[in-house]
Amino acid sequence: MGKIVAMQVLSVASEIYPLIKTGGLADVAGALPGALAEHGIGVRTLVPGYPSVLSKLGKTKAVRRYEALFGASAALLAAKVVELDLLVLDAPDFFKREGGPYGDLGGTDWSDNWRRFAALSRVGADIAEDGVKGWRPDLVHAHDWQAAMTAAYMRFGPAHRVPKVVTIHNLAFQGRFGADVFAGLGLPPEAWGMDGVEYYGGIGYLKAGLVSADAITTVSPTYADEIRSPTQGMGLDGLINGRADRLHGILNGIDTAIWDPAADELIARRYTSRALGGRVANRRALEKHFRLDRDDAPIFIIVSRLTWQKGMDLVADAIDHLVGLGGKLAVLGAGDHPLEGAFLSAAERHRGRVGAHIGYDEPLSHLMQAGGDAILIPSRFEPCGLTQLYGLRYGCVPVVARVGGLADTVIDANEAAVGAGVATGVVFAPSDPLALHGGIARTIRLHGDKAGWQAMQRAGMRADFSWRHSAAQYAGLFRSLVQGAA
Ligand code: ADP
């Protein structure tokens, strides 16, 4: 039997729920620490001090100060929010801005993102080197390109022996910058080059992290396979294949305390899988919010970034088909402006059948999962995807493309699966108009069989996508790395 090692981990992330969130990364960064605690692993998370983060901190203590962190004055604040143990990088020159974590209000990336996230990563490596007030991590876990340089700074510095894990939440975002920024990074000359930060003549932050990490994880087993292929590897498949022995696909879990239809305070009426009738009040509230007709036609929902990755252009083009078959659609999302416009104009065109809410609204996303019949996710690629997991838990049947984590988590309602009572959703492939039309039509047919539909809802609600299994996998990996380094 392996000995349980009490371990300290520094997690470095550019988002963390409930302080700052633009996507699934925040949910994971916010939930994994609690799940790892069950395994004797203590996590402190280093996050940027955006205004929305600083405003939610209670009592803080400065545990380190920088007079010139990439030219800016900064303080590292220790704080506790809910159960999260945070180290917040308060660097106003970098993070005190109106807009999102990565760009301005218009959605344009900040031009100094290379410096902002190099600074975050530099501080991560400093903590690995020196600790803070006697606390020292046994392992560093960096999320996505914004934090990946932590592994590079560690590798080329005194903390090179501390195990470093880089998790890919989305390979499409790589943090690529011009070669000219190298001089400003404060890395030694040997860090330049194929085996370092250099990437197609420029600099790649995620790439630098991936070559420097002792282990690479990504957020579902299927995505771990997909990113080894040229079509899905986004230029990094060669590198990832070369490090395949260090690559692990660990499915994201969901925070079952925050996403629990039996206890959710953000929905109109709470319910369980045994009493699905409680969903009706949520359905009515949803119809009211989106000004949809009050009837029993199946309501498809979308809670998503409105982007090409998510296949939202396919949905926009399929709306007439969906409505023609008798379905209704409620869209909550923000993203590409032409897509936002397409959904708004569809809502005009199909009053009572289609509703669109452009923006980001966490409470509304809960109500939609509780009141909608099916959540539509025709992603072209999907590292894990969380909204299908929330859908499963809330009895909002996922209708998904067979890619990445969607393929790993939804069981298609084919004859065999329905017969065995294990079907949890509708899975179609590929992500194209024809297959999406077929998936929508099949969903509407299935919805017509009330008993069959409820069986599918219940099977989904019973499935366990909590962090339990996944945290055990992270814990096992972390332990093996720490023991290997000892
Ligand atoms: P990604 O991280 O690629 O955007 P995920 O499915 O992994 O996709 O995670 C998306 C997260 O963001 C989910 O928690 C989802 O509920 C939430 N979300 C996405 N868009 C919105 C929105 N417009 N309003 C509220 N929550 C949203």
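As a basis for the values below, the full set of heavy atoms in this structure was taken, side chains included, without hydrogen atoms, waters or symmetry mates. Note that ligands are numbered from 1 as they come in the structure, with each ligand's atoms numbered from 1 the same way.
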Do Ser14 and His143 meet the criterion of a side-chain donor-acceptor pair at a distance under 3.5 Å? no
Checking the N or O distance criterion of under 3.5 Å, is ligand 1 in contact with Gly24? yes
Atoms of ligand 1 close to Asp27 [distance to a heavy atom under 4.0 angstrom, numbered from 1]: 13 (C), 14 (O)
Evaluate Trp259 for polar contact with ligand 1, using N/O atom pairs at a separation under 3.5 Å. no
Checking heavy atoms under 4.0 Å, the part of Asp361 that sits near ligand 1 is backbone
So if I apply the ring pair (Phe, Tyr, Trp, His ring centres under 6.0 Å) rule between Phe177 and each of Tyr199, Tyr205, Phe117, which one comes out positive? Tyr205
Side chain or backbone of Gln388 under 4.0 Å from ligand 1, or both, or neither, by non-hydrogen atoms? neither
Atoms in ligand 1 with a heavy atom of Thr387 nearer than 4.0 Å: 6 (O), 13 (C), 15 (C), 16 (O)
In terms of residue, atom name and distance, what is the protein heavy atom nearest to atom 8 (O) of ligand 1? Lys310 NZ, 3.0 Å
Is it true that, when you exclude Lys80 itself, more than 12 heavy atoms of the residues, nucleotides or ligands shown sit nearer than 6.0 Å to its NZ? yes
Are Tyr474 and His141 an aromatic pair, judged by ring center distance below 6.0 Å? yes
Residue, atom name and distance, where the atom is the protein heavy atom closest to atom 12 (O) of ligand 1: Lys21 CE, 3.6 Å
Please say which of Ile377, Leu406, Leu392 ends up in a side chain to side chain contact (heavy atoms under 4.5 Å, CB included) with Thr387. Ile377
Considering heavy atoms of the protein only, find what lies nearest to atom 4 (O) of ligand 1 and give residue, atom and distance to 0.1 Å. Arg305 NE, 2.8 Å
Ligand 1 versus His169: contacting region, heavy-atom distance under 4.0 Å: neither
Does Gly359 reach ligand 1 with a nitrogen or oxygen that is under 3.5 Å from one of the ligand's nitrogen or oxygen atoms? yes
Is there any N or O on Glu362 that sits under 3.5 Å from an N or O of ligand 1? no
Please state whether Tyr390 comes within less than 4.0 angstrom of ligand 1, counting heavy atoms only. yes
For ligand 1, indicate whether the residue Asn170 contacts it via side chain, backbone, both or neither (heavy-atom separation under 4.0 Å). neither
Ligand 1-proximal atoms of Pro383, by part, heavy-atom distance under 4.0 Å: neither
Is the closest heavy atom of Ser304 to ligand 1 under 4.0 Å? yes
So how far is it from Arg294 CZ to Lys288 NZ, rounded to the nearest 0.5 Å? 10.0 Å
Atoms in ligand 1 flagged as close to Gly333, the criterion being non-hydrogen separation under 4.0 Å: 23 (N)
In the protein, what heavy atom is nearest to atom 27 (C) of ligand 1, and what distance, to one decimal place, separates them? Tyr360 CE1, 3.4 Å
So, the side chain of Arg243 versus the backbone of Leu210: is there a donor-acceptor pair under 3.5 Å, distance only? yes
Aromatic contact between Trp145 and Phe173, with the criterion being ring centroids under 6.0 Å apart: yes or no? no
In terms of heavy-atom contacts, does CZ of Arg402 have more than 12 from other residues, nucleotides or ligands at under 6.0 Å? no
Using only atom types and a distance under 3.5 Å, with no angle test, would you say the side chain of Arg269 pairs donor to acceptor with the backbone of Arg279? no
dist Lys164:NZ -> Ser212:OG (nearest 0.5 Å) comes out at 7.5 Å
Can you check whether Gly405's main-chain N or O pairs, donor with acceptor, with Thr222's side chain at less than 3.5 Å? no
Return the closest protein heavy atom for atom 7 (O) of ligand 1 as residue, atom name and distance. Leu386 N, 3.5 Å
